[in-house]
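Quick notes on the structure that follows.
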Amino acid sequence: MTELDVQALQRRLAAFAAARDWEQYHTPKNLAAALSVEASELVEIFQWLTPEESARVMERPETAHRVADEVADVLAYLLQFCEVLGIDALAALSQKIDRNESRFPVPGRQDPTESSDRHSSE
């Protein structure tokens, strides 16, 4: 997805909410909560699956449809959250990857004088 596609989707989501007078509910707090709920609904699909079953979840049309719908819901709320707060999602992701590449160098290439927390995503 390109940056223009993300912006176009954000405009569509904003227009959808505006047409229904839902903007009043689209506060950062409410959108963050909704995003969490939708992410939890995605987790619920995988909750009791084995690792092998989870790797094949898209092979079954009924679960593939549910997974795709929940991914869409998570992305929609994330894009709306970013729009409300003025966050460029792709720029934020690119910057985060840059930081992670510095924090978590390829094994064997790390400067031994530097310390790093290998398990945190902050």
Task: Distance in Å, Thr63 OG1 paired with His65 NE2, rounded so as to fall on 0.5 Å steps - done: 11.0 Å
Open item on the list: Would you say CZ of Phe46 has more than 12 non-hydrogen atoms from neighbouring residues, nucleotides or ligands within 6.0 angstrom?
Closed with: yes
- [ ] Consider only side-chain N and O atoms of His26 and Asn30, and report whether a donor and an acceptor are under 3.5 Å apart.
- [x] no
- [ ] Evaluate side-chain contact (heavy atoms from CB on, under 4.5 Å) for Val67 paired with Met58, printing each intermediate quantity in order.
- [x] CA-CA 8 Å; Val67 170; Met58 298 306 284; 3.8 Å; yes
Task: Rounded distance (nearest 0.5 Å) linking atom CG of Leu79 with atom CG of Leu31 - done: 11.0 Å
Task: Side chain Glu53, main chain Thr50, donor-acceptor under 3.5 Å - done: yes
Open item on the list: Once rounded to the nearest 0.5 Å, what's the spacing between atom CG of Leu13 and atom CG of Leu78?
Closed with: 10.5 Å
TODO: Run the numbers on Val84 and Thr27 for side-chain contact (heavy atoms from CB on, under 4.5 Å), then give the verdict.
DONE: CA-CA 7 Å; Val84 166; Thr27 64; over 6 Å; no
Task: Same apolar cluster (I L V M F W Y, side chains within < 4.5 Å links), Val37/Ile45 - done: no
- [ ] Give the intermediate values and the outcome of side-chain contact (heavy atoms from CB on, under 4.5 Å) for residues Gln10 and Gln80.
- [x] CA-CA 6 Å; Gln10 285 176 309; Gln80 291 172 345; over 6 Å; no
- [ ] Flag yes if Leu75 and Trp22 sit in one hydrophobic cluster, no otherwise; membership is Ile, Leu, Val, Met, Phe, Trp, Tyr, and two members link when side-chain heavy atoms are under 4.5 Å apart.
- [x] no
- [ ] Kindly say whether Ser36 contributes a backbone atom to a donor-acceptor pair with the side chain of Ser40 at under 3.5 angstrom?
- [x] yes
TODO: Without swapping roles, check the side chain of Ser54 against the backbone of Pro51 for a donor-acceptor pair under 3.5 Å.
DONE: yes
- [ ] Indicate, with yes or no, if Leu85 and Val74 share a hydrophobic cluster defined by side-chain heavy-atom contacts under 4.5 Å among Ile, Leu, Val, Met, Phe, Trp and Tyr.
- [x] yes
Task: Side-chain (Arg56) to main-chain (Glu52) donor-acceptor, under 3.5 angstrom - done: yes
Task: Asp88 side chain near Leu90 side chain, heavy-atom distance below 4.5 Å - done: yes
Open item on the list: Quick check on the hydrophobic clustering: are Val57 and Val71 connected, directly or via other members, by side-chain heavy-atom contacts under 4.5 Å?
Closed with: yes
Open item on the list: Would you compute the distance between atom CD of Glu101 and atom NZ of Lys96 and round it to the nearest 0.5 angstrom?
Closed with: 12.5 Å
Open item on the list: According to a hydrophobic-cluster definition based on side-chain heavy atoms being under 4.5 Å apart (Ile, Leu, Val, Met, Phe, Trp, Tyr only), do Leu35 and Val6 belong together?
Closed with: no
Open item on the list: Tell me whether the NZ or CZ atom of Arg20 lies within the 45° cone about the ring axis of Phe16 and under 6.0 Å from its centre.
Closed with: yes
